[in-house]
Amino acid sequence: MSSKITQRQCFFLLFLFFIGNLVTASGAKGKPTGWLIFLLLALLSLPVLYLFTCAAKNRSAGSIFIDAFGKPVGITITVMDCILAVLLAGDAMRLFADFIVINDLNDAGAWGNTALLTLTVFFFLKCNVKSLGKAAWLLQPSTIVLLLIGILLTAPKMELQRLLPLLAEGPVILLREGLSGFTAITAVGLLPIFLLSDKVEKSCFPPAAAACAGACVTLALLVMRDTAVLGFPAVSMFRFPSFAASGMLRHSEILMAAAFVISQPFRSALCLRYAQVCLAELWPQWQRIYPYLLLSLAILSGALSWSSEQVRWRTAGELVITTILLAGPIAVVISDRIKARKTKA
């Protein structure tokens, strides 16, 4: 039996990854023109994702940079991406706990909810990629249905004039929020694409592009709904505006909560699984301890989450993350082309 996943399973898996931050107000989700930013990201993501798939070229995650630059430089870049993957997973786990606690959805508390998510992520780290693809194939359609039903139910509460005027935030704010959305959705797509590039039947690019574009369009619809229901600046005052907008109709917020709970473990797990695969290739003698080590580090980084830091520091961090994630694949593609020309010569 083949250990590879189908392109359809890859699409479902990546869609759940890209939409994993759907409830947070970070980036364009707290701005009235955020829906336009997400539509722009749907287009801008295509060349970036193509760059990632070209850099991967069906190679295993841990060998991509080593093949291009040799061991010293390649290992250094790979370890840097692994550190970023752990930080992103920790931020996602912290967001999950905050969402449950702030919205008073149960009495387990932040640490209790982190423990529940940790168990789910641990299961995802221990099973194979084909099992992850099958799980995503089952859960992604449910997520979309929940979100669309939630939007339809709250449609009577929408006032479309609240979407105007467009682009009123100013160029600086739009650029900053666009960068935040690009970092959270497009740039971090490197991690699952590098992880899955040698595990997908045929090319990884078509399902990756469709998943990212689909997630961006879905987020655009949610931002339009949130702004039309809550208005501005009210929409920017909520930590979780989509949940607040869903709550305008009694009991409909449970649909948003369910969609978030379904998708968030995939975002955390794919980040950590990328780090796990890379480390296992570099130092296979310790591969049994990596799931425990990576989960522990993610929980620690989540406890020290930067999501509450001032905007200027968060923006600087997003610039650093985006630069690191883009620079590596660009250098790999350039290196591959130079080697190809030398071979022809």
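Everything numeric in this text was worked out from a predicted model, so none of it was measured.
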Item to check | Parallel, tilted or perpendicular: rings of Y292 and F122 (30°, 60°) | outcome: tilted
Item to check | pair T33-E177: side-chain heavy atoms closer than 4.5 Å | outcome: no
Checklist entry - Where the side chain of K130 meets the backbone of K4, is there a donor-acceptor pair that is under 3.5 Å apart? => result yes
Checklist entry - Honestly curious: do V217 and L16 fall in one hydrophobic cluster under the side-chain, below-4.5 Å linking rule? => result yes
Next on the checklist: Between L36 and L46, is there shared hydrophobic-cluster membership here, with clusters defined by ILVMFWY side-chain heavy atoms closer than 4.5 Å?
Outcome noted: no
Item to check | Inter-residue atom distance D336.CG - I64.CD1, 0.5 Å rounding | outcome: 10.0 Å
Item to check | Full working for side chain to side chain contact (heavy atoms under 4.5 Å, CB included) between F17 and V188 | outcome: CA-CA 10 Å; F17 174 87; V188 298; 3.9 Å; yes
Checklist entry - At what distance, to the nearest 0.5 angstrom, does CG of L51 lie from CD1 of I330? => result 5.5 Å
Next on the checklist: With a 3.5 Å distance limit and no angle check, can you tell me whether T78 reaches the backbone of G74 through a side-chain donor-acceptor pair?
Outcome noted: yes
Checklist entry - Do you know the tightest heavy-atom contact between M256 and S246? => result CB-OG, 3.8 Å
Next on the checklist: Nearest 0.5 Å, please: how far is CD in E253 from CG in L153?
Outcome noted: 11.0 Å
Item to check | Under 3.5 Å: donor-acceptor pair, side chain of T227, backbone of M224 | outcome: no
Checklist entry - Under 4.5 Å between any side-chain heavy atoms of F65 and V73, yes or no? => result no
Checklist entry - If Ile, Leu, Val, Met, Phe, Trp and Tyr residues are connected whenever their side-chain heavy atoms lie under 4.5 Å apart, and connections chain through other members, are I193 and I324 in the same group? => result yes
Checklist entry - Taking the six-membered ring where the residue is Trp, are the ring centres of F205 and F52 under 6.0 Å apart? => result no
Next on the checklist: If you define the side chain from C-beta out and look only at heavy atoms, does anything of L43 sit under 4.5 Å from L39?
Outcome noted: no
Checklist entry - R225 versus L221: any side-chain heavy-atom pair under 4.5 Å? => result no
Checklist entry - Is there a donor-acceptor pair closer than 3.5 Å between any side-chain N or O of S197 and the backbone N or O of R59? => result yes
Next on the checklist: Working note: L132 + C127, criterion side chain to side chain contact (heavy atoms under 4.5 Å, CB included); need CA distance, chi angles, decisive distance, verdict.
Outcome noted: CA-CA 7 Å; L132 275 180; C127 67; 4.1 Å; yes
Item to check | V223 reachable from L152 in the ILVMFWY side-chain graph, under 4.5 Å edges | outcome: no
Next on the checklist: Working note: V129 + Q9, criterion side chain to side chain contact (heavy atoms under 4.5 Å, CB included); need CA distance, chi angles, decisive distance, verdict.
Outcome noted: CA-CA 10 Å; V129 173; Q9 291 170 342; over 6 Å; no
Item to check | Donor-acceptor pair between S242 and D226 side chains, under 3.5 angstrom | outcome: yes
Item to check | Candidates F12, F124, F123 - the one meeting ring pair (Phe, Tyr, Trp, His ring centres under 6.0 Å) with F266 | outcome: F124
Checklist entry - Going by heavy atoms in the side chains, are L219 and L41 under 4.5 Å from each other? => result no
Checklist outcome for this item: d(L222 CG, L148 CG) to nearest 0.5 Å is 8.5 Å
Item to check | Residues D67 and K339 bridged, charged N to O under 4.0 Å | outcome: no
Item to check | Heavy-atom pair with the smallest gap, counting every atom of G62 and L282 | outcome: O-CD2, 4.3 Å
Checklist entry - Judged by atom type as modelled, is there a donor-acceptor pair below 3.5 Å linking the side chain of T322 to the main-chain atoms of L319? => result no
Item to check | Between CG on residue L88 and CG on residue L191, distance to nearest 0.5 Å | outcome: 6.5 Å
Next on the checklist: I'd like to know if L175 and L40 are part of one continuous hydrophobic network [Ile/Leu/Val/Met/Phe/Trp/Tyr, side-chain heavy atoms within less than 4.5 Å].
Outcome noted: no
Next on the checklist: Between I144 and Q140, does the side chain to side chain contact (heavy atoms under 4.5 Å, CB included) criterion hold? Intermediate values first, please.
Outcome noted: CA-CA 6 Å; I144 288 295; Q140 189 270 352; 3.5 Å; yes
Checklist entry - Where the side chain of T53 meets the backbone of L49, is there a donor-acceptor pair that is under 3.5 Å apart? => result yes
Checklist entry - Does some side-chain heavy atom of I185 sit less than 4.5 Å from a side-chain heavy atom of F38? => result yes
Checklist entry - Parallel, tilted or perpendicular: which describes the rings of F11 and F15, with under 30° parallel and over 60° perpendicular? => result tilted
Checklist entry - When you check the side-chain N and O atoms of N128 and S131, is any donor under 3.5 Å from an acceptor? => result yes
Item to check | Over 12 foreign heavy atoms within 6.0 Å of CH2, W286 | outcome: no
Item to check | Heavy-atom closest pair, residues P192 and L14 | outcome: CB-CD2, 3.4 Å
Item to check | Test item: L279 and L293 side chains (from C-beta on) under 4.5 Å apart, heavy atoms | outcome: no
Checklist entry - Closest heavy-atom contact between G189 and F18? => result CA-CE2, 3.8 Å
Item to check | Note, F182 side chain near L326 side chain (heavy atom, < 4.5 Å) | outcome: yes
Checklist entry - If you look at every heavy atom in L325 and L190, which pair is closest and at what distance? => result O-CD1, 3.2 Å
Checklist entry - Atom CG in L146, atom OG in S263: separation rounded to 0.5 Å? => result 10.5 Å
Next on the checklist: Restricting to non-hydrogen atoms, name the atom on A68 and the atom on S335 that form the minimum distance, rounded to 0.1 Å.
Outcome noted: O-OG, 3.2 Å
Item to check | S301 side chain vs A298 backbone, donor-acceptor pair below 3.5 Å | outcome: yes
